[in-house]
Amino acid sequence: MGALKPWHIAIFVVVLVLLFGAKRLPDAARSLGRSLRIIKAETKGLIDENSNVAEKAEPEYHRQPLQGDVQPPQAQQGYQPPPAQPQAQPYVDPVQRTNDR
């Protein structure tokens with residue numbers, strides 16, 4: 001079970017011929033072959049392009065680190081943390097508010 005037997009393939013071919021007709025099948029196969037060639041060429045082009053991009057991404061020179069000591073930032077005098085958020089007002093339904101008037 002699960003194996004594709006020769007008579008399965010024969011039935012499949014007969015169904016295709018009945019559905020599409022004998023004249024359309026060669027054209028369909030030709031266009032499928034063209035599409036596969038185009039896809040193959042495009043994927044090859046993308047692979048070549050990606051390798052070229054990787055080569056171009058490498059820098060031509062190496063940067064040197066800055067010379068000198070790194071000093072931590074100094075604390076500012078009189079620093080105050082930002083004020084706390086004010087308490088949120090309770091939600092009032094606008095429709096209820098106009099009905100209360």
Side-chain angles (χ1 to χ4, degrees):
M1 186 163 202
L4 194 61
K5 309 254 184 220
W7 64 274
H8 290 129
I9 296 172
I11 291 175
F12 183 70
V13 169
V14 168
V15 168
L16 282 178
V17 169
L18 289 174
L19 285 176
F20 297 107
K23 291 184 178 182
R24 293 177 112 188
L25 286 178
D27 293 335
R30 218 173 287 120
S31 65
L32 181 64
R34 277 191 215 123
S35 299
L36 290 176
R37 277 194 300 272
I38 291 171
I39 289 172
K40 183 179 176 182
E42 290 295 325
T43 54
K44 185 178 183 232
L46 287 175
I47 291 170
D48 291 343
E49 183 179 305
N50 286 340
S51 65
N52 291 341
V53 169
E55 292 170 3
K56 291 177 184 175
E58 292 297 320
E60 297 178 7
Y61 59 91
H62 299 284
R63 294 190 212 174
Q64 298 295 327
L66 294 175
Q67 302 297 326
D69 296 332
V70 177
Q71 298 176 358
Q74 297 176 357
Q76 296 176 358
Q77 291 182 358
Y79 172 74
Q80 296 177 357
Q85 295 288 336
Q87 294 292 332
Q89 297 292 328
Y91 176 75
V92 177
D93 185 22
V95 174
Q96 184 65 32
R97 191 173 69 193
T98 53
N99 288 342
D100 290 342
R101 289 186 183 176

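To the nearest 0.5 Å, atoms CG (Leu4) and CD1 (Ile9) are separated by 4.5 Å.
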List the atom pairs, donor and acceptor, that lie under 3.5 Å between side-chain atoms in residues 32-47 and the rest of the protein, sequence neighbours left out.
unit_1: Ser35; atom_1: OG; unit_2: Ser31; atom_2: O; d: 2.9
unit_1: Thr43; atom_1: OG1; unit_2: Ile39; atom_2: O; d: 3.1
unit_1: Thr43; atom_1: OG1; unit_2: Lys40; atom_2: O; d: 2.9

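Listed by first then second residue, pairs satisfying side chain to side chain donor-acceptor pair (under 3.5 Å) with a partner in residues 7-26 number zero, not counting sequence neighbours.
Taking Ile, Leu, Val, Met, Phe, Trp and Tyr as hydrophobic and joining them when side-chain heavy atoms fall under 4.5 Å apart, one finds Leu18 in a cluster with Val14.
Under the salt bridge (Lys or Arg N to Asp or Glu O under 4.0 Å) criterion, Arg30 pairs with Asp27, not counting sequence neighbours.
Leu25 and Val17 get closest at one heavy-atom pair: CD1-CG2, 3.6 Å.
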